[in-house]
Protein chains: 2
Amino acid sequence: MAEVARALGHPHRLALLEHIVRAERSVERLADLTDMSVANASQHLQQLKRAGCVQARRDGKNILYSLGQGPLAAVVAALHDYVAFKQDRIDQAIADSRQRPQEMESVSIDALVDRMNEGAVILVDVRPGDEFRKSHLPGAVNIPIPQLEERAKELSDNAHVVAYCKGPYCVLTREAVVILRAQGVEAAPLAGGVPEWRAAGYRLDEGV
Amino acid sequence: MAEVARALGHPHRLALLEHIVRAERSVERLADLTDMSVANASQHLQQLKRAGCVQARRDGKNILYSLGQGPLAAVVAALHDYVAFKQDRIDQAIADSRQRPQEMESVSIDALVDRMNEGAVILVDVRPGDEFRKSHLPGAVNIPIPQLEERAKELSDNAHVVAYCKGPYCVLTREAVVILRAQGVEAAPLAGGVPEWRAAGYRLDEGV
DNA sequence: ATAACCTTCAAGCAATTCCTTGATTCCTTG
DNA sequence: CAAGGAATCAAGGAATTGCTTGAAGGTTAT
């Protein structure tokens, strides 16, 4: 079973299959369509053949590859579906933050300092872990974007959250806020990032 | 898209996923179920997580992995379907040839010689290696029965294969043909073995 | 036959993947 | 806080994979 999955697990082979699903094609044609050398295409095709995903027949000078027997097309379709689903979620989050940027009022650095002194704010750093480790705003929690959705529950829900990223123009900040709000967390983007914070003369934490 | 397929493209990861589909499980449990080291399981799980196929949450001391969002289960199901389909065909082929052995027409020695002259045949000797070394039909390949299934792929699949063993009554010849056909190789048994070949006045090879 | 063409094979190198080991992090519990 | 369990990280060597190059199969066409 993994044999089939492995056969589908290479971009080139997947691309070849996508073309073969549509119609029988020769090796040269496929190589051209997928922008690879003929020899390379031939080798990938033979891997697909070994896995039973395609079959070959000769027609004159050419060897035509077509889809193998069985519900392979369904597998490819299911894969498409799944990937489309994931892409949709990303697109939607981005579109949201693009369409209604006005609804997302950012918090200025001074306002943030005030709120921090009141202890009424959770500061979330959404950059990758390695950047966070180098330096980050004091007391910030590091939750990279990919983990944000599932770790949103870590943030107590009656606290205001302020998210920041690399800088004031970083789209990811807004995206993060969209995600947090989708999880029911009251969140706002910081008007700036680490550089602005430093420029304002405040302290930074390092490590951890 | 290939990213997801690649994540599914390793036997261990697929095995992990099969268990995760059923229920949330801890790393240790999964490692035990799939018979791999904890560290190794952990690494594969993280690959799956990176691809978005699974999500992790902590529960007490353990970290529980569960299926990611979206119609991933459909992909796995489609894969199952497809593989089941192929397995069916193999089983069916075996059953067919067992139930109706009379349909397995053997190739006469004279017919074999004709075909060999045309170069349109691969001759497989399924006896143990030591017997093969003593003497065998010219040009024959030696693949003992136990290795036949896994080495079937060595035989180019658009060539006719003729298999032979010790003699015309040797059951192993038919068994070999069944195995080969199950692998999609067009195979037929020889009506006889080394003694009959010699008796017909043809040459034998020795050694190698 | 010979030539021309499409495809496959074979070999070698670079890059990646896989698994193991031992240390380390992270969290809960006493 | 300390102890302990669960999971992850990090690094290394073995194995596999992927791509390129040049040569070799086979098939039509001249």
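Each chain gets a letter, A, B and so on, in the order the sequences are listed, and its residues count up from 1. Model, not experiment: these values are computed from the prediction.
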field: Rounded interatomic separation in angstrom, taking CD from A/E24 and P from C/dC6
entry: 18 Å
field: Spacing of NZ belonging to B/K86 relative to SG belonging to A/C53, to within rounding of 0.5 Å
entry: 5.5 Å
- request: Apply ring pair (Phe, Tyr, Trp, His ring centres under 6.0 Å) to B/Y202 and list each qualifying residue two or more places apart in sequence or on a separate chain.
  value: B/W197
query: Is any side-chain N or O of B/S37 closer than 4.0 Å to OP1 or OP2 of C/dC19?
result: no
- prompt: At what distance, to the nearest 0.5 angstrom, does CG of A/L17 lie from NE2 of A/H12?
  reply: 14.0 Å
statement: Of the listed D/dG18, D/dG26, D/dT8, the closest approach to the B/V27 side chain comes from D/dT8
task: Between A/R6 and A/K61, name the one whose nearest nucleotide on DNA chain C is closer to the 5' end.
output: A/K61
statement: Separation of D/dC19 atom C1' from A/N40 atom CG, nearest Å, is 5 Å
- request: Would you please confirm or rule out a distance under 4.0 Å between OP1 or OP2 of D/dT20 and any side-chain N or O of A/Q43?
  value: no
field: Toward the 5' end of DNA chain D, by each residue's nearest nucleotide, A/H12 or A/D59
entry: A/H12
- prompt: Base, sugar-phosphate, or nothing for A/R13, non-hydrogen atoms under 4.0 angstrom?
  reply: sugar-phosphate
Rounded interatomic separation in angstrom, taking CG from A/L64 and C1' from C/dT7: 12 Å
- prompt: Does the side chain of A/N62 get closer than 4.0 angstrom to OP1 or OP2 of C/dT7 through an N or O atom?
  reply: yes
Between D/dT17 (C1') and A/L8 (CG): distance, integer Å: 16 Å
message: To the nearest 0.5 Å, what is the distance between CG on B/D205 and NE2 on B/H136?
response: 4.5 Å
- prompt: What integer distance in Å separates B/K49:NZ from D/dA7:P?
  reply: 12 Å
field: Atom-to-atom span, NE2 of B/H10 to P of C/dT17 - whole angstrom
entry: 11 Å
message: Counting only Watson-Crick pairs (N1-N3 plus N6-O4 or O6-N4) and G-U wobbles (N1-O2, O6-N3), all under 3.5 Å, who is the partner of C/dG30?
response: D/dC1
field: From CA spacing to verdict: side chain to side chain contact (heavy atoms under 4.5 Å, CB included), B/R25, B/S66
entry: CA-CA 7 Å; B/R25 294 191 201 282; B/S66 57; over 6 Å; no
task: Ignoring backbone atoms, establish whether B/H44 has a side-chain N or O less than 4.0 Å from OP1 or OP2 of C/dT17.
output: no
query: Does C/dT7 have OP1 or OP2 sitting under 4.0 Å from an N or O in the side chain of A/S42?
result: no
message: Rounded at 0.5 Å granularity, tell me how far CD in A/E18 sits from CG in A/L33.
response: 12.0 Å
task: Would you mind classifying the nucleic acid contact of A/Q46 as base, sugar-phosphate or nothing, using non-hydrogen atoms under 4.0 angstrom?
output: sugar-phosphate
task: Calculate the interatomic distance between A/R25 atom CZ and C/dC6 atom P; express it in whole Å.
output: 17 Å
query: Is B/A39 touching bases, backbone alone, or none of the nucleic acid, heavy atoms closer than 4.0 Å?
result: base
message: Taking 4.0 Å as the cut-off, does a side-chain nitrogen or oxygen of B/Y65 come that near to OP1 or OP2 on D/dA6?
response: no
- request: Using atom CZ of A/R57 as one end and atom C1' of C/dT8 as the other, report the distance to the nearest whole Å.
  value: 19 Å
